[in-house]
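Each chain gets a letter, A, B and so on, in the order the sequences are listed, and its residues count up from 1.
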Number of protein chains: 2
Amino acid sequence: MNMPLTSQTSQTSLTPLVEQVRSFNRTMTERVGALNDHFLGKNHPLGEARLLWEIGIDGASVRDLRRRLELDSAYVSRLLRSLEKQGLVEVKASAHDGRVRLVRLTKAGLRERAELDRRADTFARSLLEPLSESQRVKLGAAMAEVERLLIASMVQIAVADPTSQDARWCIEHYFAELNQRFPTGFDPTRGIQAHPHELTPPAGLLLVAHLREEPVGCGGLKFHENGIGELKRMWVAPRARGLGLGQRLLLALEQAARDAGMTMLHLETNGSLTVAIAMYRHNGYQEVEAFNDEPYAHHWFEKRL
Amino acid sequence: MNMPLTSQTSQTSLTPLVEQVRSFNRTMTERVGALNDHFLGKNHPLGEARLLWEIGIDGASVRDLRRRLELDSAYVSRLLRSLEKQGLVEVKASAHDGRVRLVRLTKAGLRERAELDRRADTFARSLLEPLSESQRVKLGAAMAEVERLLIASMVQIAVADPTSQDARWCIEHYFAELNQRFPTGFDPTRGIQAHPHELTPPAGLLLVAHLREEPVGCGGLKFHENGIGELKRMWVAPRARGLGLGQRLLLALEQAARDAGMTMLHLETNGSLTVAIAMYRHNGYQEVEAFNDEPYAHHWFEKRL
DNA sequence: CTATTTCTCTGATTTTAGTCAGATAATTTG
DNA sequence: CAAATTATCTGACTAAAATCAGAGAAATAG
C-alpha cells in the first residue's frame, strides 16, 4: 500500500546529463559545502550550530527538531543539554502534551543565531561580490531554476490509503479549492462520489505525492468492469505547483490503470480549471460528449490507453 | 605585492540575491550534501572515501592530497595507513624528491574507486529519474550555468610580480597565442616592450588572475609621466574564457590606473583580436589615430578616466 | 658545510558524531 | 482501566575526525 512507484518517463539515455550533475556536485561540494561548514561551525560544532539554527526564533519542540534534522533522540537530547549548559536554550514541557518538550532560544541563543545568520550572509555575498551585475542576475535565476527542479525531483508518489491522514488532508483541500474556484461553489455530497473503498485496490486506488514527508498532491482512479478507468481527485497543493507534479501524477495514474488492465480512461472537469484542462489535452485526452451527469462538469474527456 | 583586490563593480544592493543564494545553499545541503555523504561513505568512512577518490587513477603525492583536501598531515598519514592495511593503496618515495611520498591505488583500490564512481552515478540518476525529459534538459542547463558562474566567482585577481613563475607563465602563453593568431606571426622582441620593471610599481603593475591556485589570466599597465596609462598584456587563458574575466581584469586595471593618478588610458591592438576589440568598445574606449608605431597594431584606443 | 625548511610519520589525546539499550512519564487505544 | 504507544532522557559505548608535539630524513638557502 505504500511502495514508491518507479519512474514512468521514457527510458532515454541519461548519461550526458549524469555527467553534468556530477560535475555540478563536485563544484558545489568544493564551493558551497566545505565553506558552508567552516562558516557555520566556527564557534560550535556543526551539530550544535545546525540545531541552534533549526530551533529558530520562535522555538520548536524536541520532536520536530529530531524529525527535521533526522537525528537520534539521544543525540538531540545531548546536544540540547550542551546548549542549555552554555545558556543558549531553555527547555520546558509543553502545556498541551506533557511528554513533548519545547525548546526556545535565550537572549544569548538569539544573539548566537544572529551571528550564524550574519555568517551565512557574508558567505553568500562573497559568492556574488566578484561577479558583474548581469552575472549576478543570471546566477540568481539559474540557482532558482536548479532549486525548483531539485525540489521537483524530491517529490515522491506512492499508493496511499484514502482514509489515511495525508490522503484526507489532500482531498479536503481539493474540495475547498473547488468550492472557491467554481462560480457555483462546490458541495462534495452533490457530485459523483469517490468513496474510500472505491479508491482502494482492487476497486481503484489513490496516489498521494509527498515532499519532505508532507502531502502535496493526490490523484485517484476508479476501475470499472468494462475496462474503463475513471480519473478522480486530481489535485496539487499550491506550494508544489510549477514542479510538473500534475503531469507526473497523471502519468503514474495512467500506468496504474494499464497495470490494472484498463483500456480507456475517462474524466470530467469544470470549465474553471483551465490549467488542468490544458494538461489533459496536452496528454492526448479527447473531449467527448458527456458520459455522465456530474452536475459540476462542463467537459468530458477520454483517452485510449 | 599580493593582496587581493576588492570588487570594482558598482555597489548596488545584493540583498535579494543573497536570499536566493542562501535558499539555494539550504536546498543543496539537504539534497546534494547529505545524500552525497551517505552514498560515498558506504564501505568506508567519509574521510577514507574522499581520499580514495582524490588519489585518482594516476596516483598523487601525499603533499598534494593534503593540500587539495585541506587536511592535517597527521590525519592524512593515518588515513593512508588504514587504506594501505586494506590493500587499497601503495605508498612509495618519489624518485625526484626523497621527502615526497607518492600514493597509487592498487588493483583493489581501483576497483573500490570504480565502485564509488558507480555510486555517484546512481545518485545523479536518482536526481534525474523523477523528472520529465524537458525538466532534465532544463536542469542540466541551469546546473551548467550555476557552475560556470560560481567558478567565475572563484577567480581571484591580485597584483603580481612580473618575474614570478605564474606571471611568466601567463605572458609566455599570451605571446604564443598572439604568434598563432596574428596572420604575420608574433615576435615579442619586435613590438613595443613591457619589461618586468615597467610593470612593477611604481612604474606600472601587473595583475594576475588565479583559479584554484592556478594562473588563468593577466593584464598589465605602464604609467607615464603625462597621466596616461598604457594597457598591455591583457590575456585570459582558454580554459577560463566565458567567465567574464576579461571584463573584470579591465575594470580592475582601470581602477588601478585611477588610483595611480592616471587620467587617460591608451591601448593598441591587432585586428585579429575581435573579441578584445569588442570588449574595449563596449567599455567606452574610443578608436583614435595611431599614437605610436607598434608594428603589430591595427587599432588604437583611448579612454578618459 | 651549516642552518633552515619541507615532507612525512608516530604517539598521545581530544572532540564530535552517533548508536543502543533501557527507564520514565504522559498520552492514546481498545 | 489496562495495554500499547509516544516523547524524552540517561548511561554506556563506539567510531570517526581531528589536533598537537615532536622526531627523522631529505632538500634548499646562505
From [atom1] of [X] over to [atom2] of [N], roughly how many Å is that when rounded to an integer?
| X | N | atom1 | atom2 | result |
| --- | --- | --- | --- | --- |
| A/Leu71 | D/dC9 | CG | P | 14 Å |
| B/Leu69 | D/dA17 | CG | P | 12 Å |
| A/Lys92 | C/dA25 | NZ | P | 22 Å |
| B/Asp72 | C/dT15 | CG | P | 16 Å |
| A/His96 | C/dA26 | NE2 | C1' | 14 Å |
| A/Leu65 | D/dA7 | CG | P | 13 Å |
| A/Tyr75 | D/dA15 | OH | P | 17 Å |
| A/Asp64 | D/dT6 | CG | P | 16 Å |

Given [N], is OP1 or OP2 found less than 4.0 Å from the side-chain N or O atoms of [X]?
| X | N | answer |
| --- | --- | --- |
| A/Arg66 | D/dT8 | yes |
| B/Arg63 | C/dC7 | yes |
| A/Arg50 | C/dA17 | no |

- Classify the side chain of B/Arg78 versus the base of C/dG11 as yes if they form a donor-acceptor pair under 3.5 Å and no if they do not.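 Indeed there is one.
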Please determine, for the side chain of [X], which listed nucleotide ([options]) has the closest atom?
| X | options | answer |
| --- | --- | --- |
| A/Pro45 | C/dT16, D/dT8, C/dC9 | C/dT16 |
| A/Arg99 | D/dA17, C/dC7, D/dT5 | D/dT5 |
| A/Arg81 | D/dC9, C/dT8, D/dT19 | D/dC9 |
| B/Ala74 | C/dC9, C/dA17, D/dC20 | D/dC20 |
| A/Val62 | D/dT6, D/dC9, D/dT19 | D/dC9 |

- Of B/Arg101 and A/Glu48, the one whose closest DNA chain C nucleotide lies more 5':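 Comparing both residues, the 5'-ward one is B/Arg101.
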- Query: With nearest nucleotides of DNA chain C determined for A/Ser73 and A/Ala95 from heavy-atom distances, which residue corresponds to the more 5′ nucleotide?
  - Reply: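 Counting from the 5' end, the first nearest nucleotide belongs to A/Ser73.
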Do [Y] and [X] meet the salt-bridge criterion of a basic N to acidic O distance under 4.0 Å?
| X | Y | value |
| --- | --- | --- |
| A/Arg239 | A/Glu214 | yes |
| A/Glu115 | A/Arg119 | yes |
| A/Arg22 | B/Asp117 | yes |

- Task: Could you check whether A/Asp97 gets within reach of a base, just the sugar-phosphate, or nothing at all, counting any heavy atom under 4.0 Å?
- Result: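 Contact class for A/Asp97: sugar-phosphate only.
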- Where is the tightest heavy-atom contact between A/Leu245 and A/Val236, given as atom of each residue plus distance?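 For A/Leu245 and A/Val236, the tightest heavy-atom pair comes out as CD2-CG1, 4.0 Å.
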- Task: Indicate whether the side chain of B/Glu147 and that of A/Ser23 have a donor and an acceptor atom separated by less than 3.5 Å.
- Result: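 A/Ser23 and B/Glu147 do have a side-chain donor-acceptor pair below 3.5 Å.
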